[in-house]
Number of protein chains: 2
Amino acid sequence: MANSASGESIIGRFVKIVSAFDDRHPAMSVAELGRRTGLPVTTVYRLVNDLLLERLLEREPGGDIHIGTRMWELASRGSKMLGLREAALPFMEDVQAVVQHSTTLGILDSDEVLYIERLGSDKTIVDITKIAGRLPVHATSSGLVLLAHSPAAYQDAFLARPLTKFTDTTLTEPAALRRHLAEIRQRGFAAMPGVIVPESSGIAVPVFGPDNTVRAALSVVVPRNEENAPARVPVLMAAARGISRALGWRGELKGTLRQSH
Amino acid sequence: MANSASGESIIGRFVKIVSAFDDRHPAMSVAELGRRTGLPVTTVYRLVNDLLLERLLEREPGGDIHIGTRMWELASRGSKMLGLREAALPFMEDVQAVVQHSTTLGILDSDEVLYIERLGSDKTIVDITKIAGRLPVHATSSGLVLLAHSPAAYQDAFLARPLTKFTDTTLTEPAALRRHLAEIRQRGFAAMPGVIVPESSGIAVPVFGPDNTVRAALSVVVPRNEENAPARVPVLMAAARGISRALGWRGELKGTLRQSH
DNA sequence: CTGTCGATTCCCGCTCAATGGTAATCCTCC
DNA sequence: GGAGGATTACCATTGAGCGGGAATCGACAG
């Protein structure tokens with residue numbers, strides 16, 4: 001499935017090229033693009049031209065390349081995430097108005113948490129979440145909530161892998177994590193003081209879809225020294241229920257009760 | 001640049017496939033995808049497999065295909081629109097809180113208005129704007145504001161084309177449109193009563209970047225019968241200035257004054 | 001249980017688009 | 001003016017993409 005010496009398909013190279021751009025490198029010359037992707041120069045120039053023709057990439061006056069508007073448009077138009085995001089946004093605004101720090105919405109994707117929305121850019125606290133950014137599951141409150149409500153088979157597979165310890169409070173032992181997940185299910189929320197960044201805490205609650213499976217995690221990041229962090233939980237839970245309902249969820253079903261037996 | 005009988009490149013076909021999905025068709029079988037794109041069956045199956053491998057597309061339990069999370073992630077990560085959107089969102093929320101109907105943020109892309117954010121889903125008014133949706137320039141308040149502040153060369157090229165008349169109030173004559181654009185520049189906003197949909201009016205103001213060029217249009221859609229529509233303008237203008245400033249704009253520059261001489 | 005219809009996968013020979021090295025050209029900046 | 005980098009032009013090679021056709025799977029009806 002590849003004409004190239006390295007055995008990659010064009011699609012693979014396309015992904016490589018687009019992946020070379022991130023928030024730290026939103027634009028670059030074609031030559032640099034070649035260096036970052038490790039692809040042969042000529043190939044990059046040819047492929048970039050194709051992508052420019054389709055407007056998936058755009059060339060700015062200086063000659064540098066950046067991701068095209070068309071790319072975002074195509075990715076968004078048929079995306080199911082738009083629905084989730086639009087359902088969640090009003091509730092997130094309410095949370096943000098009350099909690100004042102930083103509110104995020106994350107989903108589980110490829111064994112990582114992918115943040116699809118984020119409100120509030122409070123410079124007073126350390127918050128490494130970014131829209132379209134990823135963080136590890138076992139080191140974020142969002143991730144733990146998502147994992148806690150995932151199918152047992154998925155949890156088992158996840159816990160079978162070695163996990164990185166970011167700070168002294170990061171749980172990496174499968175048994176300990178399993179206990180923690182059970183706790184999260186029982187309490188209905190996850191609170192992680194300083195799991196990746198020691199100075200801030202995350203609190204997250206699950207958002208459910210119509211079939212009662214977890215769709216996303218709604219979370220807030222607050223300074224760790226803040227005493228009344230648990231007081232945030234009711235607000236978050238109410239908002240999460242609102243989002244779930246907007247998605248077509250109709251309250252706890254018998255299935256859920258059965259699970260908790 | 002194409003291996004196919006029809007003379008399309010893989011990238012072109014990739015765009016065709018992704019374009020087949022929209023808000024009305026967020027998921028479909030591979031066979032239907034083939035029908036919608038008009039590509040040979042075998043080819044679609046092969047290409048879809050490649051895209052599934054890269055997670056640009058995803059297969060849901062039923063077998064239907066939909067656009068993958070990865071696609072959105074890649075498109076968003078290095079996109080400049082995220083910055084614009086994030087700068088605008090808080091101000092848009094303020095506008096939305098006051099105006100109550102529907103607030104949108106649009107940019108000029110391929111001679112059309114592309115809406116990149118939208119707040120408020122008031123069912124009481126007709127509003128055909130959608131996130132990642134497109135509307136014609138000359139028939140929307142956002143489009144007219146963007147056009148009014150575009151380079152003269154672009155305006156000339158645009159006005160040289162034939163324009164569709166949507167309702168009796170749609171301006172399509174180049175001369176009349178030119179006068180209207182001048183008016184918009186002078187007043188600082190565009191107000192279009194029922195240009196595409198007769199029942200609703202749009203009001204839009206420009207958002208500028210650091211180089212004092214227009215970046216986006218901030219607009220609200222209100223019911224046409226509403227008398228105090230012009231009263232919305234100051235709110236919009238203040239918000240637009242706030243967004244512009246967040247983007248690095250530093251007030252009217254000499255260049256602008258020179259232009260208006 | 002059998003038949004129909006559609007979706008999906010498998011098969012396979014053809015062929016030309018993609019490949020990627022090398023070299024020429026166009027830049028800037030010192 | 002010339003050194004260093006970015007970009008374009010050229011071109012022989014070749015295997016990935018192509019797509020028609022047939023086989024398989026699956027749902028549903030009679």
Side-chain angles (χ1 to χ4, degrees), chain A residues 1-22 24-68 71 74 78, chain B residues 1-22 24-68 71 78 211:
Chain A
M1 183 188 316
N3 209 355
S4 62
S6 58
E8 297 169 303
S9 67
I10 297 191
I11 298 299
R13 297 187 155 188
F14 162 67
V15 171
K16 252 193 184 173
I17 285 179
V18 179
S19 300
F21 298 92
D22 57 24
R24 286 192 160 276
H25 309 85
M28 65 190 80
S29 71
V30 184
E32 189 178 349
L33 194 51
R35 258 177 271 118
R36 280 174 67 86
T37 55
L39 299 174
V41 255
T42 316
T43 304
V44 179
Y45 276 98
R46 185 165 16 86
L47 202 46
V48 164
N49 269 340
D50 282 11
L51 295 171
L52 286 173
L53 281 178
E54 294 290 348
R55 304 194 53 250
L56 297 179
L57 295 182
E58 281 168 12
R59 166 164 272 145
E60 37 194 66
D64 276 11
I65 303 295
H66 63 114
I67 295 195
M71 181 87 186
L74 288 178
Chain B
M1 182 186 312
N3 211 354
S4 61
S6 59
E8 299 169 302
S9 66
I10 297 191
I11 299 298
R13 298 189 154 187
F14 163 66
V15 172
K16 253 193 182 173
I17 286 179
V18 178
S19 300
F21 298 93
D22 57 24
R24 287 191 159 277
H25 309 84
M28 63 190 81
S29 72
V30 184
E32 189 178 349
L33 193 51
R35 258 177 271 120
R36 280 174 67 86
T37 55
L39 299 174
V41 255
T42 317
T43 305
V44 180
Y45 277 98
R46 186 168 11 88
L47 203 47
V48 164
N49 268 340
D50 283 10
L51 295 171
L52 286 172
L53 281 178
E54 295 290 346
R55 305 193 52 247
L56 296 180
L57 295 182
E58 281 167 13
R59 168 164 271 144
E60 37 195 66
D64 276 11
I65 302 295
H66 62 117
I67 296 196
M71 181 85 187
D211 54 356

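As the structure is a computational prediction, the values presented were derived from the model and not from experiment. Below, all heavy atoms of this structure are taken into account, side chains as well, without hydrogens, waters or symmetry copies. Letters A, B, ... mirror the listed sequences (proteins, then strands); counts begin at 1.
Residue S29(A) has its side chain nearest to dA6(D) when only dC18(D), dT19(C), dA6(D) are considered. When the nucleotides dG20(D), dG21(C), dT7(D) are ranked by their closest atom to the side chain of P40(B), dG20(D) comes out on top.
For Y45(B), no side-chain nitrogen or oxygen approaches OP1 or OP2 of dT9(C) to under 4.0 Å. Checking the phosphate oxygens (OP1, OP2) of dT9(C), no side-chain nitrogen or oxygen of R46(B) falls inside 4.0 Å. An OP1 or OP2 oxygen of dC18(D) is reached within less than 4.0 angstrom by a side-chain nitrogen or oxygen of R13(B).
Atom CD1 of I10(B) is separated from atom P of dA18(C) by 7 Å (rounded to the nearest Å). Separating the CE atom of M28(B) from the C1' atom of dT8(C) is a distance of 17 Å, rounded to the nearest angstrom. Put simply, CD on E32(A) is 12 Å from C1' on dG5(D), counting in whole angstrom units. The distance from atom CG of L47(A) to atom C1' of dT19(C) is 11 Å, rounded to the nearest whole Å. Nucleotide dG6(C) holds its P atom 18 Å from the CG atom of L33(B), rounded to whole Å. With rounding to whole Å, N49(B) atom CG is found 16 Å from dG19(D) atom P. In this structure, the CZ atom of R35(A) is 9 Å from the C1' atom of dA6(D), given to the nearest Å. Rounded to an integer number of Å, the gap from CZ of F14(B) to C1' of dG17(D) is 17 Å.
Map V30(A) and I11(A) each onto its nearest nucleotide of DNA chain D; the residue landing nearer the 5' end is V30(A). For A31(A) and T42(B), each mapped to the nucleotide of DNA chain D holding its nearest heavy atom, the one lying further toward the 5' end belongs to A31(A).
Among R59(B), E60(B), M28(B), the one residue that satisfies the side-chain contact (heavy atoms from CB on, under 4.5 Å) test with H66(B) is E60(B).
Residue V41(B) is out of contact with every strand shown, counting any heavy-atom pair closer than 4.0 Å.
With a 4.5 Å cut-off on side-chain heavy atoms, F14(A) and I10(B) do not count as touching. Residues D22(A) and H25(A) form a side-chain contact, since some pair of their non-hydrogen atoms from C-beta on lies under 4.5 Å apart.
How far CD of E54(B) is from CZ of R13(A): 12.0 Å, rounded to the nearest 0.5 Å. Taken from CG in L33(B) to CD1 in I17(B), the straight-line distance is 5.5 Å, to the nearest 0.5 Å.
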